[in-house]
Amino acid sequence: MPDTAWWLDLLWTVVKGVLVALALLTTFAYMTLVERRLLARMQIRWGPNRVGPMGLLQPLADAIKSIFKEDLRITKADQLVYTLAPLIAITCALTAFGGIPAGPAGSFFGLNPWVYSLDVGVIGLLAITSMGVYGIFLGGWASGSKYPLLGGLRSAAQIISYELGMGISILGLLMLVGSTSFQALVGWQATNGWLIVFQMFAFATFLVSSFAEVNRTPFDLPEAEQELVAGYLTEYSAIKWALFQMAEYVNMITASALMATLFFGGYKGPVFLEGVIPGISNWPFVWLIAKIAFFLFLFIWVRATLPRLRYDQLMRFGWKLIFPLALVNTVVTGFYLTYFRGAGLWPLAVLGLIGVVLLIALSDRARTLWNTPTHRPDLENPTAPTRPIGGD
């Protein structure tokens, strides 16, 4: 009997993993259509509308084109690493999402609505997503061309830099809950309220770091078509190129699910609706998908709104603003929980709100931290005017 139970658990885990992968890839396909239509609406144009009714078959046409397009092989590329790089990127992206709970235990036809559950769930997910940078860097290095190599180096520096701000942003949140398990985080919020209320400042830094982690505007420097042809993707085509695009969109979905779970109650819905429809707040998938959809719209909205940062601005923004602010929030939260825990959590919420208001009010002054370029003297002519690094 125990042997049978073990095999059944393994079978259902594999089935759930396949279902999650199919759901994410389908979402990726139609997110490309949704994004193009939303960007078109924001820019007062039509967007894709010819392939199928209302353009709904456009993702299928794109998939067929990617599969049957010629897969170019670079003569001087390291063929093994060149092929493995996009597979590493998409594998890490798909694996990370499996640890996020989409409902209460046993709510998916008697099964748990997650692929795997770790006691260190948050740390495990961040570790898996961090591995995705290897796909980007190795893809740029293995191509044997200087443009992909430069794009890979820029990507690695960007992602590693903003991972620090992202990780430190959630330390205060984890201190509040006292656990790194996703189920514990959701349960705590069901009892005490959404963590966005008590960690508003942490959410602000985490949100910005998420944009940089998934290479979205205004932090899309890894591709930067106007500057590096296409970054680490320059020498890729056909399905390998598509795998990198899949990884980017799946990472965006994972980041949305992570923000929804950490700060907005996860799969739990509004409790006041229980009086109308009993049990509605615990429906699996529904509330998590709705929250993910909101953040995906936010990613698209920002892309249509903000211009790309210059690379030196991006690095200064991460190291001189996001990292110190996340560290300050962690120290303040730890100090409060150590000496003033008996006063309750609402003073902490007020401190977070004050911090966000001050950050917005002082944004013009803070902008000099990343906008002002570093100057160097002209060594041949010391009396000449200095020239900013990175362009005029």
pair [X]-[Y]: side-chain heavy atoms closer than 4.5 Å:
| X | Y | answer |
| --- | --- | --- |
| Arg216 | Val302 | no |
| Leu207 | Leu298 | yes |
| Glu163 | Ile159 | yes |
| Phe203 | Met259 | yes |
| Gln313 | Arg308 | no |
| Ile292 | Thr27 | no |
| Asn251 | Glu213 | no |
| Thr180 | Asp119 | no |

So does [Y] get a backbone contact from the side chain of [X], meaning a donor-acceptor N/O pair under 3.5 Å?
| X | Y | value |
| --- | --- | --- |
| Thr129 | Leu126 | yes |
| Lys291 | Ala257 | no |
| Gln199 | Ser169 | no |
| Gln189 | Leu195 | yes |
| Thr32 | Ala29 | yes |
| Ser237 | Leu72 | yes |

Do you reckon [X] sits in the same ILVMFWY cluster as [Y], going by side-chain contacts under 4.5 Å, direct or chained?
| X | Y | value |
| --- | --- | --- |
| Ile123 | Ile160 | no |
| Phe295 | Trp287 | no |
| Phe323 | Phe219 | yes |
| Phe264 | Phe97 | yes |
| Leu33 | Phe299 | no |

Can you name the closest pair of heavy atoms from [X] and [Y] and give their distance?
| X | Y | value |
| --- | --- | --- |
| Pro324 | Gly318 | CD-O, 4.4 Å |
| Ser181 | Ser179 | N-OG, 3.1 Å |
| Thr91 | Leu87 | OG1-O, 2.6 Å |
| Asp71 | Ala238 | CA-CB, 3.9 Å |
| Ala260 | Leu288 | CB-CD1, 4.1 Å |
| Lys268 | Ala190 | CE-CB, 4.0 Å |

Carefully, step by step, assess Val208 and Leu321 under the rule side chain to side chain contact (heavy atoms under 4.5 Å, CB included).
CA-CA 11 Å; Val208 175; Leu321 189 72; over 6 Å; no
Would you please indicate yes or no on a ring centroid separation below 6.0 angstrom for Trp141 and Phe137?
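No - the distance between ring centres of Phe137 and Trp141 does not fall below the 6.0 Å cut-off.
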Counting neighbours of [atom1] on [X] that are heavy atoms of other residues, nucleotides or ligands and sit closer than 6.0 Å, is the number greater than 12?
| X | atom1 | result |
| --- | --- | --- |
| Met42 | CE | yes |
| Tyr336 | OH | yes |
| Arg45 | CZ | yes |
| Tyr30 | OH | yes |
| Trp12 | CH2 | no |

Checking side chain to side chain contact (heavy atoms under 4.5 Å, CB included) for the pair Leu173/Leu185: CA distance, chi angles, key distance, verdict?
CA-CA 9 Å; Leu173 176 152; Leu185 286 163; 3.5 Å; yes
As an exercise, state the distance from [atom1] of [X] to [atom2] of [Y], rounded to the nearest 0.5 Å.
| X | Y | atom1 | atom2 | answer |
| --- | --- | --- | --- | --- |
| Leu138 | Leu84 | CG | CG | 8.5 Å |
| Ile90 | Leu24 | CD1 | CG | 8.5 Å |
| Phe297 | Met31 | CZ | CE | 10.5 Å |
| Met166 | Ile170 | CE | CD1 | 8.5 Å |
| Thr205 | Ile168 | OG1 | CD1 | 9.5 Å |
| Asn112 | Thr13 | CG | OG1 | 9.0 Å |

Angle class for the Phe335/Phe340 ring planes (parallel below 30°, perpendicular above 60°, tilted otherwise)?
tilted
Looking only at the side chains, is there a donor atom on one of Glu235 and Tyr82 sitting less than 3.5 Å from an acceptor on the other?
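No, because no side-chain N or O of Glu235 sits under 3.5 Å from a partner of the opposite role on Tyr82.
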CA sep, side-chain torsions, deciding dist, call: Phe182, Val122, side chain to side chain contact (heavy atoms under 4.5 Å, CB included):
CA-CA 7 Å; Phe182 283 115; Val122 177; 3.8 Å; yes
Going through the distances and angles, do Tyr267 and Trp283 end up as a side chain to side chain contact (heavy atoms under 4.5 Å, CB included)?
CA-CA 8 Å; Tyr267 61 79; Trp283 284 1; over 6 Å; no
Please identify which of these residues, Phe263, Phe211, Phe201, Tyr162, meets the ring pair (Phe, Tyr, Trp, His ring centres under 6.0 Å) condition with Phe206.
Phe263
